[in-house]
**Q** 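Here it is, the structure, as structure tokens.
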Amino acid sequence: MQLINDEYRTKLKEQFSTTMVDEVTIKVFKDDNKSCQYCNDTEQLMREIAEITDKVKVEIHELGDEESKKYKIEKAPVVILFSDRFQNGNVRYFGIPSGYEFRSIIEDIETFSTGKIELRESTIDKLKTIEKPVSIRVFITPTCPYCPSAVRMAHNFALVNPNITGDMVESYEFEEEAEAAAVSSVPHTTISNIDEPIIGAQPEEIFLDQVLFSAAQAP
């Protein structure tokens, strides 16, 4: 069964023809040895995107292979984006980017291809000063219309500075992680070294202040 309908394929093909510059590689991490409800759907969705433009390539990896060890991937499905501009592997999707989150991965692919990060110059300058690791995890559900803006914020921050990791975490697929983070509504953003999460889609300056504070608290 086709996941991207013909009408939207046509729209994306036209969009990509004007936006895509450099090639983008999507690495999909699967687990065929255990029950992974959305692994095959995640692979199919990424392959369907690659069918729309020759600027997107897909690699499939199994948990336990060298790539999964390199990027410390222990659960599936996980999607990581790469391009010549951005090769750190610090923009990640834990769970299938479906529903409203499909918008996030399309916009991320375009950013990886063009290098155009949608942040204020002042924000970028401050993010570049961070020298300690900072982890941003945005817990989402596919039906949440406010989640993509939080995911994109985390991912854009990560693209500015390789010390920052930006993760989308699908709360239903990664239920244990969501429970550990006490997720009760989404988007729910946790930042390393900070006890209180960011609830809801917040402005750029709120995210920036919290990330800078996190970096200052890092050991």
**Q** Do the side chains of E121 and K126 get close enough for a salt bridge, i.e. N-O under 4.0 angstrom?
**A**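 Judged by the 4.0 Å cut-off on N to carboxylate O distance, E121 and K126 do not form a salt bridge.
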**Q** Could you tell me which non-hydrogen atom of S83 sits nearest to which non-hydrogen atom of E23, and how far apart they are?
**A**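 Reported closest heavy-atom pair: CB-O, 3.5 Å.
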**Q** When clusters are formed by joining ILVMFWY residues with side-chain heavy atoms under 4.5 Å apart, either directly or through shared neighbours, do V58 and I96 land in the same one?
**A**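 Yes; I96 is reachable from V58 via cluster members.
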**Q** side-chain contact (heavy atoms from CB on, under 4.5 Å) between V24 and K57: does it pass, once the steps are laid out?
**A** CA-CA 6 Å; V24 177; K57 307 299 180 186; over 6 Å; no
**Q** Verify whether the ring centers belonging to Y71 and F82 lie closer than 6.0 Å.
**A**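 Yes: the rings meet the under 6.0 Å criterion.
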**Q** Might you work through the side-chain contact (heavy atoms from CB on, under 4.5 Å) test for F102 and Y8, ending with a clear yes or no?
**A** CA-CA 12 Å; F102 188 68; Y8 199 54; 3.2 Å; yes
**Q** Does either side chain, that of N193 or that of K132, offer a donor lying less than 3.5 Å from an acceptor on the other one?
**A**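 The answer is no; no qualifying pair exists.
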**Q** Can any side-chain N or O of S113 pair as donor or acceptor with the backbone N or O of V21 at less than 3.5 Å?
**A**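 Yes, the answer is positive, given that a donor and an acceptor are paired below the 3.5 Å cut-off.
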**Q** Within a strict 4.5 Å, meaning less than it, do heavy atoms of the T53 and K13 side chains meet?
**A**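 No. Closest side-chain heavy atoms not under 4.5 Å.
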**Q** Does any non-hydrogen side-chain atom of L159 lie less than 4.5 Å from one of H155?
**A**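 SC-SC contact between H155 and L159 ruled out.
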**Q** To the nearest 0.5 angstrom, please state how far the CG atom of N161 sits from the CD1 atom of I124.
**A**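 If we round to the nearest 0.5 Å, N161:CG and I124:CD1 are 11.5 Å apart.
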**Q** What's the shortest heavy-atom distance between F86 and F112, and which atoms?
**A**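 Nearest heavy atoms, F86 then F112: CB-CE2, 3.6 Å.
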**Q** Do the side chain of R137 and the main chain of I191 share a donor and acceptor less than 3.5 angstrom apart?
**A**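 Judged by distance alone, no pair lies under 3.5 Å.
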**Q** Might you work through the side-chain contact (heavy atoms from CB on, under 4.5 Å) test for E110 and F16, ending with a clear yes or no?
**A** CA-CA 8 Å; E110 291 176 329; F16 282 153; 4.0 Å; yes
**Q** With the 4.5 Å side-chain cut-off for hydrophobic clustering, are M168 and V28 part of the same group?
**A**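 Same cluster: M168 reaches V28 through Ile, Leu, Val, Met, Phe, Trp or Tyr contacts under 4.5 Å.
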**Q** Which distance, rounded to the nearest 0.5 Å, do you find between the OH of Y172 and the CD1 of I140?
**A**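 Reported value, rounded in 0.5 Å steps: 9.5 Å.
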**Q** Does V169 belong to the same Ile/Leu/Val/Met/Phe/Trp/Tyr cluster as F29, with side-chain heavy atoms less than 4.5 Å apart forming each link?
**A**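 Yes.
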**Q** Looking at E107 and S104, would you say the former's side chain and the latter's main chain have a donor-acceptor pair under 3.5 Å?
**A**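 Flag not set: sc E107 to bb S104 has no pair under 3.5 Å.
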**Q** Please confirm whether the backbone N or O of P77 pairs with a side-chain atom of T42, one donor and one acceptor, at under 3.5 Å?
**A**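 Here the side-chain-to-backbone pair does not exist.
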**Q** Using 0.5 Å steps for rounding, measure from the NZ atom of K116 to the CG atom of N156.
**A**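 Separation between the atoms: 13.5 Å.
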**Q** Any donor-acceptor pair under 3.5 Å linking the side-chain atoms of R152 with those of T111?
**A**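 The answer is yes; a qualifying pair exists.
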**Q** Quick one: does D41's side chain have a donor or acceptor within less than 3.5 Å of a partner on Y38's backbone?
**A**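 Checked: no pair found.
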**Q** Looking at K55 and D22, is there a salt bridge between them, counting it only when a charged N and a carboxylate O are closer than 4.0 Å?
**A**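 No.
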**Q** Indicate yes or no for a side-chain donor-acceptor contact from Q44 to the backbone of M1 under 3.5 Å, with no hydrogens or angles considered.
**A**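 Checked: pair present.
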**Q** Is there a side-chain contact (heavy atoms from CB on, under 4.5 Å) between I109 and I26 once you walk through the steps?
**A** CA-CA 9 Å; I109 287 169; I26 302 175; 4.0 Å; yes
**Q** Can you tell me if CD on E59 sees more than 12 non-hydrogen neighbours from other groups inside 6.0 Å?
**A**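 Atom CD in E59 is packed in, count exceeds 12.
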**Q** Report yes or no: does E48 contribute a side-chain atom to a donor-acceptor pair with the main-chain N or O of L3 at less than 3.5 Å?
**A**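 Flag set: sc E48 to bb L3 pair under 3.5 Å.
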**Q** Within the side chain of N163, is there an N or O that forms a donor-acceptor pair under 3.5 Å with the backbone of I130?
**A**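 Side chain of N163 to backbone of I130: a pair is present.
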**Q** Please answer whether the main-chain N or O of L119 pairs with a side-chain N or O of T123 as donor and acceptor at a distance below 3.5 Å.
**A**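 No, the answer is negative, given that no donor and acceptor are paired below the 3.5 Å cut-off.
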**Q** Tell me whether Q2 at atom CD has more than 12 heavy atoms from other residues, nucleotides or ligands lying less than 6.0 Å away.
**A**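 It does: Q2 CD has more than 12 such atoms within range.
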**Q** Flag the pair P133 / S192 as yes when at least one side-chain heavy-atom distance between them is below 4.5 Å, and no otherwise.
**A**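 Heavy-atom side-chain distance check fails, nothing below 4.5 Å.
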**Q** Mark yes or no for whether S214, through its side chain, and Q210, through its backbone, hold a donor-acceptor pair below 3.5 Å.
**A**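 Between the backbone of Q210 and the side chain of S214 there is no qualifying donor-acceptor contact (under 3.5 Å).
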**Q** E101 and V151: which non-hydrogen atoms are nearest, and at how many Å?
**A**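 Heavy atoms of E101 and V151 come nearest at OE1-CG2, 3.6 Å.
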**Q** Nearest 0.5 Å please: distance from the CD atom of E204 over to the CZ atom of R120.
**A**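 That separation rounds to 4.5 Å.
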**Q** Taking all non-hydrogen atoms of both residues into account, name the closest pair between E170 and G95 and its distance.
**A**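 Nearest heavy atoms, E170 then G95: CB-CA, 4.1 Å.
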**Q** Heavy-atom distance under 4.5 Å between the side chains of I60 and R47, does that happen here?
**A**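 Yes. Closest side-chain heavy atoms under 4.5 Å.
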**Q** Is there a path of hydrophobic side-chain contacts, each under 4.5 Å between heavy atoms of I/L/V/M/F/W/Y residues, joining V78 to I49?
**A**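 Hydrophobic grouping puts I49 apart from V78.
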**Q** Should the pair E7-K11 be classified as a salt bridge under the 4.0 Å nitrogen-to-oxygen rule?
**A**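 No, this pair does not count.
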**Q** So how far is it from E74 CD to L63 CG, rounded to the nearest 0.5 Å?
**A**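 It is 9.0 Å, given to the nearest 0.5 Å.
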**Q** Please say which of L81, I80, T165 ends up in a side chain to side chain contact (heavy atoms under 4.5 Å, CB included) with N90.
**A**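 For N90, the side chain to side chain contact (heavy atoms under 4.5 Å, CB included) test succeeds with only one of L81, I80, T165, which is T165.
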**Q** Go through the side-chain N and O atoms of S122 and D125 and say whether any donor and acceptor fall under 3.5 Å apart.
**A**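 No, D125 and S122 have no side-chain donor paired with an acceptor closer than 3.5 Å.
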**Q** Does one side chain, of S17 or E14, offer a donor that lies under 3.5 Å from an acceptor on the other?
**A**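 No pair is found: no donor N or O on one side chain lies under 3.5 Å from an acceptor on the other.
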**Q** Does the side chain of Y93 pick up a donor-acceptor pair with the side chain of D108 at under 3.5 Å?
**A**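 Side chains of Y93 and D108: pair found under 3.5 Å.
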**Q** Is it true that E173 and K75 have a side-chain N and a carboxylate O under 4.0 angstrom from each other?
**A**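 Result for this pair is no, no salt bridge flagged.
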**Q** Where is the tightest heavy-atom contact between P142 and S98, given as atom of each residue plus distance?
**A**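 Between these two residues, the closest heavy atoms are CB-O, 3.7 Å.
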**Q** Report whether L127 and F213 are members of the same hydrophobic cluster (ILVMFWY, side-chain heavy atoms less than 4.5 Å apart, transitive linking).
**A**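 Looking at the clustering, F213 is in the same group as L127.
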**Q** Can you name the closest pair of heavy atoms from F139 and V186 and give their distance?
**A**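 Looking at all heavy atoms of both residues, the shortest contact is O-CG1, 3.4 Å.
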**Q** Atom NE2 in H61, atom NZ in K70: separation rounded to 0.5 Å?
**A**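 Answer rounded to 0.5 Å: 9.5 Å.
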